[in-house]
Amino acid sequence: MRIDLHTHSSASDGTDSPAALIANAVSAGLDVVALTDHDTTAGWRAASTAARAAGITLVPGAEISCRLGDGEDAIPIHMLAYLFDPAEPEFAAERELLRDDRTRRAEAIVERCRELGAPITWDRVRAIAAGAVVGRPHIASALVEAGMVASVSEAFTPDWLADGGRAFVDKYALEPRRALALVRAAGGVPVMAHPAAGSRGRIVTEDYIAELAGAGLSGVEVDHVDHDEESRERLRALAAELGIIATGSSDYHGTRKPEITLGINTTSREAYEAIVARASGTSVVSGVATRSSVTP
Ligand code: AMP
Ligand code: ZN
Ligand code: FE
Ligand code: FE
């Protein structure tokens, strides 16, 4: 079984529509794919319809913006949340706050870019995002279009959009323990995304992951494009020691990150089944099962 538990659609900063993402997942030979857009479930319905028709299994999810600590030393943390009830009011309200503040913050980043001489506009960024939850990659695309950088990844340098960079503005983010509590109260399963990807040289410590494992964290993403072999082995050993789930995923974003293809990293069947077994918020959606349903 080929299982990819971390992808983005045009509901956030990916470029495939949810239906196109499902079609591409089938083409990539995946049996199971999770849709984990940033801070939104807006793609669930279209992805579910497409998955039922295509006979692939969809794991509805999201990637929730969190932050550990404050100010200069703060570490951004992304929490993958699987199979939660999208209607659970407290978590739904927090996702809305996260999305609203992303809009304020993107406008502020565009303003900084303009002060730095980039001829981009909020109108253009909004058009690129086209109704999606806005993120720095949309601004990066505008910077590419304006000829300020050669590629989206080149926009993520200290000169422009990187954490702490010249045009960087922080966004509202959840305290990680609060995110865990919200996800679990909504029947979901929280897995920390790319713990060793780092930001400004800082990565979350093993002690902190252990602490969160005691506070409801169900797993960690081990195999991820931003993790070197040493980090993967370290995280795999840590997950085993803590008795939590180890996953692997692509973090696919469509053509915005063309080097990242669906299924470049995958999750074992055992890990996937452990996630499904812990979930009570909603079911996986599959073309062959009949009892599954999702109402965003
Ligand atoms: P935001 O959620 O708006 O803070 O933007 C974070 C998103 O930007 C991540 O989820 C990635 O999709 C993307 N991103 C972050 N760092 C990089 C990078 N170095 N190169 C390309 N994309 C990045
Ligand atoms: Zn992203
Ligand atoms: Fe992420
Ligand atoms: Fe992601």
Side-chain angles (χ1 to χ4, degrees), residues 4-18 21 24-25 33-44 47 59-68 74-82 95 98-99 102-103 105-106 109 125 128-130 132-144 151-153 155-156 161-163 168 170-174 176 179 183 190-200 202-204 209 217 219-227 231 235 247-267:
D4 186 341
L5 293 184
H6 183 169
T7 73
H8 297 271
S9 77
S10 57
S12 67
D13 56 7
T15 57
D16 288 359
S17 69
L21 173 75
N24 286 330
V33 64
L35 176 64
T36 54
D37 277 309
H38 297 285
D39 305 321
T40 186
T41 62
W44 284 18
V59 180
E63 185 175 16
I64 304 299
S65 305
C66 301
R67 188 162 50 241
L68 173 62
I75 303 177
I77 290 179
H78 291 177
M79 197 66 74
L80 294 163
Y82 298 111
R95 291 195 303 279
L98 290 166
R99 294 194 297 270
R102 277 174 167 279
T103 307
R105 175 256 205 162
I109 292 179
V125 171
I128 291 168
V133 173
V134 69
R136 279 178 284 169
H138 298 115
I139 303 168
S141 289
L143 288 169
V144 173
S151 66
V152 164
S153 63
F156 283 87
L161 306 179
D163 291 350
F168 179 74
D170 239 330
K171 64 179 189 289
Y172 174 59
L174 298 179
V183 172
V191 172
M192 194 189 290
H194 46 69
S199 163
R200 283 179 271 179
R202 282 189 292 275
I203 59 170
V204 294
I209 293 172
L217 181 69
V220 284
E221 193 174 53
V222 171
D223 292 306
H224 182 278
V225 69
D226 291 344
H227 290 173
S231 316
L235 284 167
T247 67
S249 305
S250 64
D251 204 354
Y252 174 78
H253 281 73
T255 55
R256 198 163 266 124
K257 298 187 182 183
E259 68 285 2
I260 298 173
T261 53
L262 283 162
I264 50 171
N265 287 295
T266 55
T267 294

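Atoms within a ligand are numbered from 1 in the order they appear, just like the ligands themselves. Owing to the predicted nature of the structure, the values given are computational and were not obtained by experimental measurement. Any value given below was found using the heavy atoms of this structure, including those in side chains, with hydrogens, waters and symmetry copies removed.
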Exercise. What is the minimum heavy-atom distance between Asn265 and Asp4, and which atoms define it?
Worked result: O-CG, 4.2 Å
Exercise. With Asp39, which residues qualify under salt bridge (Lys or Arg N to Asp or Glu O under 4.0 Å), at least two apart?
Worked result: Arg102
For this session: May I have the angle between His253 NE2 and His38 NE2 with its vertex at the Zn ion (ligand 2), rounded to 10°?
Result: 130°
Problem set entry | Residues that Thr261 engages under side-chain contact (heavy atoms from CB on, under 4.5 Å), provided they are two or more places apart | Ile264
For this session: Answer with yes or no whether the side chains of His8 and Glu63 bring together a donor and an acceptor at under 3.5 Å.
Result: yes
For this session: Please list, chain by chain and in numerical order, all residues satisfying salt bridge (Lys or Arg N to Asp or Glu O under 4.0 Å) with Asp226, sequence neighbours excluded.
Result: none
Problem set entry | His38 and His78 aromatic ring geometry - parallel, tilted or perpendicular at 30°/60° bounds | perpendicular
Problem set entry | Among the N, O or S atoms of His8, the one nearest the Fe ion (ligand 4) | NE2
Exercise. So, the side chain of His227 versus the backbone of Val222: is there a donor-acceptor pair under 3.5 Å, distance only?
Worked result: yes
Seminar exercise, completed: For the Zn ion (ligand 2), the nearest N/O/S atom on Asp13 is atom OD2
For this session: May I ask you to determine how many protein N/O/S atoms are under 2.8 Å from the Fe ion (ligand 3)?
Result: 3
